[in-house]
Amino acid sequence: MNRDSDIPEDLLLRLLLEPLSADDSPSGTRFFPAADADTAKPAGAENSPTPTIYPGSETSTPTPAASEDDALNANYTPVFDSGDLSTVQPHFEALLKRRLRQEISHRPPLFPWEKGLQDYPDALRPSAASVWLDHLKQLSVPGDVPEDVLADLLNQCQQVAQDIRQTGRRLVAAVEGLFPDQPQTLEYIAGLVARPAYRSAQTESLAQVDYTTASTQQQVALAMLAAQGIFESLSLTVGPTNTTHTQTWLTASGLLTVQATYTAADHQADHQLEVKAVLPTDGSLTLVSLGETLRSERSTPGDIVLRLTTQLGAVHRLDVNLGIDQVAPLSFQVMIAEG
C-alpha cells in the first residue's frame, strides 16, 4: 500500500476501528503474551516449592524469534503471514471510501466562515467596483489608467469632496495614497492640473503614455487628471444664475440620472432645492443637509424626488444606493452658488 498517502494515519485508524466496541473481538482465541510467557526465576529458585499444576492447564512455551539464519532458509515458514497485498489493498480502500462517505454525509465539511450548510446563487451580483467603474472607463483621461487605480481614486474623491473645497488640495488628497513618498511632486503637479489650460494641453501630450510604464511624474499627472474628472462628474452646482444641473453616471445595471433644481423664494433667506434621481434598478436616495436628512426609496426602477429648504453657499451630500447588497453608495456634492 502507498505509505505516502496524504490522509493522516490516526484518522484512518479511527475510521476503521470506531465501530468496534471493547467486547467486539475476532473469532478465535485471544493471544495474551504476558500470560503465556514464562517468567525468569530468581536466584535460589531451586529450593523453592514447585507450583501446583491443576488438571486441564497447559504450560505454553514461547516461540523463539526467527534468527537471520532462519530468514535465509528457503524451508522456513513464518508464524504470521501478512497475506497478498494485492487482495488486501482494494478491500481496505473500498472500506475506507465507504466510511469517508458516511462521515461526510453526517458531518459535511464547511468553509471557515460557515456555521452550517448554505445555498449559494448560480450567479453573483455585481461587486461595488463593477457597479460604479463602468462610468470611469469613459472619462476622457489618457494613459489607460488601471481599474484598481480608478477604484481607489473614486473612493478617495468621494471622501475628500465633502471636506476640502480648494481644487489643488483636493487633488493632492485624492492621490496621495497612491504616491505616499512624493509630497513635493504632488503639490507641484496639483498646481498645474488645477489650471484648465494645462489640462487641455497635457491631454494630448499624455495620450501616448501608458500608465503602467510611465514615470512617477507622469503617473501622478494621469491620476490627478482622472481625479479631476471624477470630482466634476460628482458635482452638481445650482443657484440664481444656473438653476438646473444634471449629471449622468453609467452603472453596471444601466444609466443613472441625477438632476438638481434651485428655486428662489419670495423671501431671500428661503430657497428651495429639489433633487430628482432616475434609478436603473430599485434603490434609495439620501440628501444630507445641516441638521436634516431626507431619504426615499423605491422597489422598482424609476424616479425619486427629494425637496428641502436651503440657502446660498450651502453644500449638501447626495447618496445614491442601488438595490445591490453590500455596495457603497455613490456620493454627489450639491452646491448652492451665491451668484
Side-chain angles (χ1 to χ4, degrees), residues 113 118-139 147-165 170 173-174 177 226-238 244-262 272-310 314-336:
W113 61 85
Q118 299 182 13
D119 293 330
Y120 293 94
D122 295 335
L124 298 178
R125 308 186 87 177
S127 63
S130 63
V131 169
W132 305 123
L133 284 185
D134 286 353
H135 180 80
L136 301 183
K137 299 174 185 177
Q138 298 185 351
L139 293 178
E147 286 192 6
D148 57 339
V149 177
L150 292 176
D152 186 83
L153 291 175
L154 177 60
N155 293 332
Q156 292 298 323
C157 289
Q158 291 183 93
Q159 294 178 12
V160 303
Q162 308 300 325
D163 302 327
I164 304 175
R165 306 292 176 83
R170 274 186 174 186
Q228 183 63 22
I230 295 174
F231 284 131
E232 294 175 354
S233 298
L234 294 175
S235 298
L236 294 161
T237 303
V238 294
T244 303
H245 192 178
T246 303
Q247 292 280 18
T248 58
W249 193 282
L250 182 62
T251 73
S253 302
L255 187 65
L256 166 68
T257 302
V258 179
Q259 183 181 76
T261 302
Y262 167 82
Q272 295 292 323
L273 173 64
E274 177 185 284
V275 177
K276 177 182 178 181
V278 181
L279 306 182
T281 65
D282 59 309
S284 64
L285 199 65
T286 304
L287 185 61
V288 180
S289 180
L290 294 176
E292 184 179 7
T293 300
L294 302 178
R295 187 178 187 275
S296 181
E297 62 182 15
R298 60 179 299 134
S299 58
T300 59
D303 302 347
I304 296 182
V305 179
L306 296 176
R307 298 181 180 89
L308 58 75
T309 301
T310 185
V315 179
H316 310 284
R317 188 180 82 244
L318 178 67
D319 293 339
V320 179
N321 278 280
L322 298 183
I324 302 175
D325 297 336
Q326 299 180 352
V327 173
L330 186 65
S331 297
F332 290 84
Q333 187 181 48
V334 184
M335 294 177 288
I336 312 300

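As the structure is a computational prediction, the values presented were derived from the model and not from experiment. If you read the sequence from its start, that first residue is 1, and numbering goes on from there. Only this structure's heavy atoms are used, side chains among them; waters, hydrogens and symmetry mates stay out.
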Would you give me the side-chain donor-acceptor pairs under 3.5 Å for residues 147-155, sequence neighbours excluded?
| from | atom 1 | to | atom 2 | distance (Å) |
| --- | --- | --- | --- | --- |
| E147 | OE2 | K137 | NZ | 2.9 |
| N155 | ND2 | A151 | O | 3.3 |

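- In summary, of the residues considered (Q158, Q247, Q333), a side chain to side chain contact (heavy atoms under 4.5 Å, CB included) with L234 occurs for Q158 alone.
- Here the straight-line distance linking atom CD1 of I230 with atom CG of L136 works out to 5.0 Å at 0.5 Å rounding.
- Counting heavy atoms from C-beta outward, S289 and T310 have side chains that stay 4.5 Å or more apart.
- Qualifying ring-ring contact (aromatic ring centres under 6.0 Å, His included) partners for H135, counting only residues two or more places apart in sequence or in other chains: W249.
- Annotation: the span from L287 atom CG to S296 atom OG amounts to 11.5 Å, rounded to 0.5 Å.
- For the atom pair CD1 of I336 and CG of L273, the computed distance is 4.5 Å after rounding to the nearest 0.5 Å.
- With rounding to the nearest 0.5 angstrom, the CG atom of D134 is 5.5 Å from the CG atom of L250.
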Check residues 297-306 and write down every donor-acceptor pair under 3.5 Å in which the side-chain atom is one partner and the other belongs to a residue at least two apart or another chain.
| from | atom 1 | to | atom 2 | distance (Å) |
| --- | --- | --- | --- | --- |
| E297 | OE1 | R295 | NH1 | 3.1 |
| E297 | OE1 | R295 | NH2 | 3.4 |
| R298 | NE | T300 | O | 2.6 |
| R298 | NH1 | D303 | O | 2.8 |
| R298 | NH2 | T300 | OG1 | 3.0 |
| R298 | NH2 | P301 | O | 3.3 |

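- In this structure, T251 and P280 have side chains that are in contact, with non-hydrogen atoms separated by less than 4.5 Å.
- Side-chain contact between Y262 and T244 is absent, with no heavy-atom pair separated by less than 4.5 Å.
- In this structure, V275 and H316 have side chains that are not in contact, with every pair of non-hydrogen atoms separated by 4.5 Å or more.
- Distance check, rounded to the nearest 0.5 Å: OG1 of T237 to CE of M335 gives 3.0 Å.
- The heavy-atom pair separating A260 from V238 by the smallest distance is O-CG1, 3.4 Å.
- With rounding to the nearest 0.5 angstrom, the OG1 atom of T261 is 12.0 Å from the CD atom of Q272.
- For A173 against V160, the heavy-atom pair with the smallest separation is CB-CG1, 3.7 Å.
- Of all heavy-atom pairs spanning F231 and A161, the tightest one is CE2-CB, 4.1 Å.
- At least one side-chain heavy atom of V320 sits under 4.5 Å from a side-chain heavy atom of L285.
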